[in-house]
Amino acid sequence: MPAESTPGPGTPGESGTSRRHGAKGSRRKPRGARRKALLVTAWTAAGIVVLGGTGVGILYFKLNDNLKTVDINQALGADRPTKADNGSENILVLGSDTRAGGNEKLGGGVDDGSARSDTAMVVHVYRGHKKASVVSIPRDTLVRRPSCTDAKGVTHDAATGVMFNSAYSTGGATCAVKTVESMSGIRMDHYVEVDFSGFQKLIDDLGGVSVTTTRAIKDPDSHLNLTAGPHKLDGRQALGLVRTRHGVGDGSDLGRIQLQQAFIKALVDQVKHLGVLTSPTKLYRLADTATKTVTTDSDIGSVKDLASFADGLKGIGSSHMNMVTMPVQYDSADANRVLVDDTKAELVWNALKDDRAIPRSATQGTATGSAKGVVNAS
């Protein structure tokens, strides 16, 4: 179960920092034991709930009981950015690399009782809910983490120069939200999270996702071996693709983000076609997997609320999604870390605050990976 989560409505139910290394060198070395999840699967899950969450009676309540929630509003209180009043919504989409349960089998590693956020995206849905911007936050970004209180009530002091993903391992979902809000000055209206095993099963239940690779990708650590050409990825292959960082490109986290963003577009377009399914059994299986997979903030912590929320997203296809990476530069003191490019990042966050398109100048001249165009929707 993701950190700080509780069972669905009506059901009762540390800290990690990173030192800066002085030695320069090549980009981060491969880490076979590290697993990367794609929490944007929550978008997929939400779309499925729209279809599968319309049942009544025992099926409805079973789906409802599957959901896990975190009360972000209660945990963070009033010390937050002002909620935007322009018809837009901001969603923090997060993936953790907990090795507990079924996740331990997905690529090695051990269950050490901890979890980190290896995938983080701010999804800004524009007024009218016809288009969206997605800002990926590199996990290796060195940031100032505000003081946070974890699920056990322990308060952790603010820290400077720590990796972004340490916020989740330190204080769970609420600390991750608080850190993003501190960085951006933008209030997160919602929070969603997906785990590894849920991601893999969801892709399998969908029947796979079609992509085309422009070059071969081989990464034994993530169990991935794809030739150049069209593929229909099953759950294990999809998980391998979104977590590989040295199977293609320069081995950086920024290159991995480029692969993730390409996969997301293929995934979102496939979910838009779910309406043609006619099998109630398949729809229910998808809805059951989806609701078991996601953890949400308590405001959308029921099937009814999640379905209503998802209904506002289902019209947004890949052609109406602008996907960027938060502007960063490589840290001259440690090639395995990146630093926020404050001037350009401000352009991104100000645009989202004002419900405007992110200007191209915001990402020009910033650090980037070398995996762009390697994966495309088929």
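Within the 3.5 Å criterion, the main-chain N or O of Y191 finds a donor-acceptor partner in the side chain of D297. D234 places no side-chain N or O within donor-acceptor distance of the main-chain N or O of G208, the cut-off being under 3.5 Å. Side-chain atoms of Q258 do not come within 3.5 Å of backbone N or O of G373 as any donor-acceptor pair. For the pair T213 (side chain) and G229 (backbone), a donor-acceptor distance under 3.5 Å is present. At distances below 3.5 Å, at least one donor-acceptor pair connects side-chain atoms of K68 with backbone N or O atoms of K292. One N or O on the side chain of D189 and one on the backbone of N90 form a donor-acceptor pair closer than 3.5 Å. Although no hydrogens or angles enter the test, the distance criterion places a donor-acceptor pair under 3.5 Å between the side chain of K344 and the main chain of S361.
For N73, the side chain to side chain donor-acceptor pair (under 3.5 Å) partners at least two apart in sequence or on another chain are R80, D299. Taking H231 as the reference, nothing meets the ring-ring contact (aromatic ring centres under 6.0 Å, His included) condition, with sequence neighbours excluded. In this structure, the side chain to side chain donor-acceptor pair (under 3.5 Å) partners of D205, at least two apart in sequence or on a different chain, are K201, T289. By the side chain to side chain donor-acceptor pair (under 3.5 Å) test, D341 pairs with Q329, sequence neighbours left out. Annotation: salt bridge (charged side-chain N to carboxylate O under 4.0 Å, His left out) contacts of D354 (sequence neighbours excluded): R356. Residues meeting the side chain to side chain donor-acceptor pair (under 3.5 Å) test with S136, sequence neighbours left out: Q261.
Taking a cutoff of 4.0 Å between a charged side-chain nitrogen and a carboxylate oxygen, R285 and D288 do not qualify as a salt bridge.
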Walk me through whether R245 and D140 qualify under salt bridge (charged side-chain N to carboxylate O under 4.0 Å, His left out). CA-CA 13 Å; R245 65 186 297 160; D140 296 336; 3.5 Å; yes
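Side-chain contact, S378 with T212: a donor N or O sits under 3.5 Å from an acceptor N or O. With 3.5 Å as the limit, one finds a donor-acceptor pair spanning the side chains of S302 and D305. Judged by distance alone, the side chains of T155 and T149 do bring a donor and an acceptor atom under 3.5 Å apart. Looking only at atom types and distance, the side chain of S318 has a donor-acceptor partner in the side chain of D269 under 3.5 Å away.
Connection of L347 to V324 is not established within any shared hydrophobic cluster, with ILVMFWY side chains joined at heavy-atom distances below 4.5 Å, either directly or through further cluster members.
In this structure, V211 and Q237 have side chains that are not in contact, with every pair of non-hydrogen atoms separated by 4.5 Å or more.
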